[in-house]
Participant: 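Structure below; questions to follow.
Here is how names work: the chains are called A, B, and so on, in the same order as the sequence lines, proteins then strands, and each is numbered from 1. Fair warning: this is a prediction, and the values are worked out from it, not measured in the lab. All values below were derived from every heavy atom in this structure, side-chain atoms included, with hydrogens, water molecules and symmetry-related copies excluded.
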Amino acid sequence: MRFSQLFGKTLREPPSDADTISHQLLTRAGMVQQLSTGLYSLLPLGWRAFRKIEGIVREEMDAAGSNELLMPALQPLEIWEESGRAQAFGAALYRLRDRRDRELVIAPTHEEVITLLVRQQVQSYRDLPQILYQIQTKFRDEPRPRGGLVRVREFIMKDAYSFDVDEDGLETSYRKMMQAYKNIFSRCGLPALMVEADSGAIGGKDSHEFMLLAESGEDDILHCLNCGYAANAEKARFVKEKLPQEGLMSLEEVSTPGIKTIQGLANFLNIPETKTIKAVFYSADGKLVFVSIRGDLEVNEVKLKNTLKATDLRLATDEEVKEAGIHAGFASQIGLTGVLTLADDSILTGSNFVVGANKPDAHLRNANYPRDFEPDIITDIALARQGSGCPHCSEPMASDRGIEVGHIFKLGVVFSEKLGANFLDENGVSRPAIMGCYGIGVGRLLAAAVEQNHDEKGIIWPAAIAPYQVHICALNYDNSEVTQAADDAYERLKGAGFDVLLDDRAESPGVKFNDADLIGCPVRLTVSPRNIPQNKIEIKSRNEKTSALIDVDTFLESVREFLAR
RNA sequence: CGGGGUGUAGCUCAGCUUGGCAGAGCGCUUGGUUUGGGACCAAGAGGCCGGCGGUUCGAGUCCGCCCACCCCGACCA
């Protein structure tokens, strides 16, 4: 491609509403253009990088024995009601009516359709296992699109679905996809971290996410540098510090005027936060839940939601709390009735806790389980954080932000049962297919790649996903010798199968070099009147500072070598 | 949905306090001079000042409503 023919302009300054690095650089490099919140056009350069990633994804999926197909994005609402997800997805689901007033959704994902498809196409265990995938646009009415291409309302996703006859089969398919994902990220030159992930309330067991660490990431990841345990904070287990066991002392009321926070309470009574129990109130599908947790810990709402099998979980409002006769800031489970009570298992780690007295301006000392209170449910609902003990080796874990670029998931029979995707096994018994699903956000991966690979001048593409492999800066292109030398290099490279961008514009050298750095192709060649007489061409790697002069006659070899670096 | 911020040329932003001809830099067009890290000279084009309403002789500027975009939060009382 000749730069003079390229659509899309580089910008000296980033647009003011671009906040994340990837959004700024992709916009400045003329690779993306925002249309509206969470809606972006991919311009030719950006689209080329996108297609490189897409190509790698496709090759690895095919290599794993998966079949590519394409399903409709527009779907009858009916099938979403059948699966129960019309409600589960809630407002994130784009809905519309057709001219006959039938309700349709613009699909955020394709479990329903693929399951129905398999129901029609698969009758026998002989038809299984099967892994099917597509690369297609998804639509989600996100509560808050953000971070440029990281969270958008319309995005292209590779989604795959596996169907097996039994759990062992699912395990095999799951492993296959896991390996394919590792291959994909590795080939893209992106060090993705595989972490244990939450599988959601809808069922299923194992789930792993693939994360690219980046400050702008939306997810918190806990990982152990000692043993390699890694998990999304939503899922992460950890070792809860055991407190010294003391003899049980008797309950005693203490006046705590205006002391409503754990920190305030600990200060006021001069005790560690670990000696208190905090009360938090949630509304789970409209029902009030009273949650107790040791004062130094915080509630992990995902764990809580899963424990309660709730579809809608939020903090209770002040009104709801009041109505239940609870004094916020001075609440505890002691003496409380008529409310579902749940406690984190951290309350088992100590004794003689300070808790609320259930009346204003007072707390109780020496509260003990089960003598003074007995929650309906005790389980792990605490949030792990930096320094929390690794559940495998107890070493303190590190915490980092990450961008979720892939997610693999054992679904089980949730969809196949609801939508009737059954097959006859070798004994003639009808059984639901065991499913898994596997997603990669391709556009998000593009953004994450830029988040990870850039410097102050611009993008530094991994060679495998760069829009062009070679960027030729032709200085003084109007000089006929330069024209000839640059065109010659351009043609020879193209002839040898390289993707090449030739900067043939009437721009000054500084502009060309800066644009080359901004766009970030891995190898830069410079053709100029200076080097032509010696029959030399200059070569530079985007991620190295120095350049080298090479012979024009053998420059293809050098380009190959530089690309492999 | 709650809180905060911003809307003026393709981009970055002044101007608004104190109402009185619509501005700068970059980019763009034309001509000329330049040519190894965002060149120079000259001449130009480009605006519903986010929208609607109000106040006023007069509104980019003051008031009200709306819209769009960005950020934070959807969380521990």
Participant: Please check if atom CD in Glu491(A) has more than 12 non-hydrogen atoms from other residues, nucleotides or ligands closer than 6.0 Å.
Facilitator: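 Counting other residues, nucleotides and ligands, CD of Glu491(A) exceeds 12 neighbours.
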
Participant: Within the side chain of Gln333(A), is there an N or O that forms a donor-acceptor pair under 3.5 Å with the backbone of Phe373(A)?
Facilitator: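 No; judged by distance alone, with no hydrogens or angles, the pair does not exist.
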
Participant: Starting from the 5' end of RNA chain B, give me the residue, Asp517(A) or Glu13(A), whose nearest nucleotide shows up first.
Facilitator: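 Its nearest nucleotide lies further toward 5', so the answer is Glu13(A).
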
Participant: Quote, to the nearest angstrom, the P distance that separates rC13(B) from rU18(B).
Facilitator: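 Pairwise P distance, rC13(B) against rU18(B), rounds to 26 Å.
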
Participant: Spell out protein contact along nucleotides 70-77 of chain B as letters: B when the base is contacted, S when just the sugar-phosphate is, - when no protein heavy atom is under 4.0 Å; keep the 5' to 3' order.
Facilitator: SSBBBBBB

Participant: So, does Lys305(A) use its side chain to make a donor-acceptor pair with the main chain of Ala284(A) at under 3.5 Å?
Facilitator: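 Answer holds: no.
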
Participant: At less than 4.0 Å, is any side-chain N or O atom of Ser528(A) found next to OP1 or OP2 of rG36(B)? Yes or no.
Facilitator: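 No, outside the criterion.
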
Participant: Using atom C1' of each nucleotide, how far apart are rG47(B) and rG15(B) to the nearest Å?
Facilitator: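 Taking atom C1' in both rG47(B) and rG15(B), they lie 15 Å apart.
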
Participant: Expressed as a whole number of angstroms, how long is the span from Lys457(A):NZ to rG38(B):P?
Facilitator: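 My rounded result for the distance is 8 Å.
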
Participant: Taking only Lys NZ, Arg NE, NH1 and NH2, and the carboxylate oxygens of Asp or Glu, determine whether Asp455(A) and Lys457(A) approach each other closer than 4.0 Å.
Facilitator: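 Judged by the 4.0 Å cut-off on N to carboxylate O distance, Asp455(A) and Lys457(A) do not form a salt bridge.
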
Participant: For nucleotides rA59(B) and rG54(B), find the distance between their P atoms and express it as a whole number of Å.
Facilitator: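 Approximately 12 Å lies between the P atom of rA59(B) and that of rG54(B).
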
Participant: Taking the side chain as every heavy atom from C-beta outward, state whether Arg524(A) and Glu538(A) have any atom pair closer than 4.5 Å.
Facilitator: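 Yes; the side chains approach each other to less than 4.5 Å.
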
Participant: Test the Arg565(A)-Phe562(A) pair against the cation-pi criterion, namely NZ or CZ under 6.0 angstrom from the six-membered ring centroid and within 45° of the ring axis.
Facilitator: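 Yes.
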
Participant: Rounding to an integer number of angstrom, what distance separates rC28(B) and rC70(B) when you compare their C1' atoms?
Facilitator: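 Comparing C1' positions in rC28(B) and rC70(B) gives a spacing of 28 Å.
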
Participant: Can you list, in residue-number order, the parts of residues 353-370 of chain A that come under 4.0 Å of RNA chain B, counting heavy atoms only?
Facilitator: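 Nothing qualifies; none.
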
Participant: Assess, by modelled atom type and distance only, whether the side chains of Asn232(A) and Asp220(A) contain a donor and an acceptor separated by less than 3.5 Å.
Facilitator: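 Result is no, nothing qualifies.
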
Participant: Of Arg146(A), Arg401(A), Arg144(A), which is the lone residue that meets salt bridge (Lys or Arg N to Asp or Glu O under 4.0 Å) with Glu218(A)?
Facilitator: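 Looking at Arg146(A), Arg401(A), Arg144(A), the match for Glu218(A) under the salt bridge (Lys or Arg N to Asp or Glu O under 4.0 Å) is Arg146(A).
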
Participant: What nucleotide, of rC28(B), rG37(B), rA39(B), holds the atom closest to the side chain of Ser508(A)?
Facilitator: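 Among the listed nucleotides, the one closest to the side chain of Ser508(A) is rA39(B).
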
Participant: Cation-pi check for Tyr468(A) against Arg48(A): NZ or CZ below 6.0 Å from the six-membered ring centre and within 45 degrees of the axis, yes or no?
Facilitator: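 Yes - Arg48(A) lies over the ring of Tyr468(A), closer than 6.0 Å to its centre and within 45° of its axis.
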
Participant: With pairs taken as Watson-Crick or G-U wobble and both distances under 3.5 angstrom, which stems of at least three consecutive pairs involve RNA chain B?
Facilitator: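 RNA chain B stems, ordered by first number: B:1-7 with B:67-73, B:10-13 with B:23-26, B:28-33 with B:39-44, B:50-54 with B:62-66.
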
Participant: I'd like to know if the side chain of Asn300(A) reaches the main chain of Lys303(A), judged simply by a donor and an acceptor atom lying under 3.5 Å from each other, with no hydrogens or angles considered.
Facilitator: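 Looks like yes, one N/O pair under 3.5 Å.
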
